[in-house]
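Below, all heavy atoms of this structure are taken into account, side chains as well, without hydrogens, waters or symmetry copies. When a residue number appears, it is its place in the shown sequence, counting from 1.
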Amino acid sequence: MKNNLPLLILGLIINSFITLFMFSSDRYSILAIPSLISVAISVIGFILMSINKIKIGGILYIVGCILFVPIGLVGVVGVKKAMNEVKEQKFIEQEYGSN
């Protein structure tokens, strides 16, 4: 997960900036509250992932990024890589034992 941390943080930062833009714009202000909720869900997912609740945290992070597609895909890619890394580590421990 540590290798993919920059992608996750970058995704949160980008989504937060988009949300700030929506709050400051009259034209897109209707989307401000839904985007704030999406960022909050992503932050909760990020926190869960950082305390080793990778699966549920990753799901929440991805759900939070859905509103921000295509830019939200940066975070989704980071989550997918983190989840694959955890699966690979579990497989190695299962097959070869822990070192």
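With rounding to the nearest 0.5 Å, the separation of CD1 in Ile33 from OG in Ser38 is 11.5 Å. To the nearest 0.5 Å, atoms NZ (Lys87) and NZ (Lys55) are separated by 7.0 Å. A distance of 12.5 Å separates CG of Leu20 from OG of Ser25, quoted to the nearest 0.5 Å.
Linking ILVMFWY side-chain heavy atoms closer than 4.5 Å, directly or via other members, places Ile47 and Ile9 in a single hydrophobic cluster. A continuous path of Ile, Leu, Val, Met, Phe, Trp and Tyr side chains, each step under 4.5 Å between heavy atoms, connects Phe46 with Ile14, placing both in one hydrophobic cluster.
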Considering only distance and modelled atom types, tabulate donor-acceptor pairs under 3.5 Å from the side chains of residues 71-78, sequence neighbours left out.
none

Show the atom names and distances, to 0.1 Å, of all donor-acceptor pairs under 3.5 Å that link a side chain in residues 57-68 to residues at least two apart or in another chain.
unit_1, atom_1, unit_2, atom_2, d
Tyr61, OH, Leu8, O, 2.5
Tyr61, OH, Leu12, N, 3.4

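Listed here is the closest heavy atom pair of Ile54 and Met49: CD1-O, 3.5 Å.
For Ala32, the side chain to side chain contact (heavy atoms under 4.5 Å, CB included) partners at least two apart in sequence or on another chain are Met22, Phe23. Checked against side chain to side chain contact (heavy atoms under 4.5 Å, CB included), Ile30 has no partners two or more places apart in sequence or in another chain. With sequence neighbours excluded, the residues that form a ring pair (Phe, Tyr, Trp, His ring centres under 6.0 Å) with Tyr28 are Phe21.
Checking Ile37, Val39, Val43, Ile44 one by one against Ile41, the side-chain contact (heavy atoms from CB on, under 4.5 Å) holds for a single residue, Ile37.
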For Ile56 and Lys53, what are the C-alpha separation, side-chain angles and deciding distance, and is it a side-chain contact (heavy atoms from CB on, under 4.5 Å)?
CA-CA 6 Å; Ile56 188 69; Lys53 306 281 186 189; 3.9 Å; yes
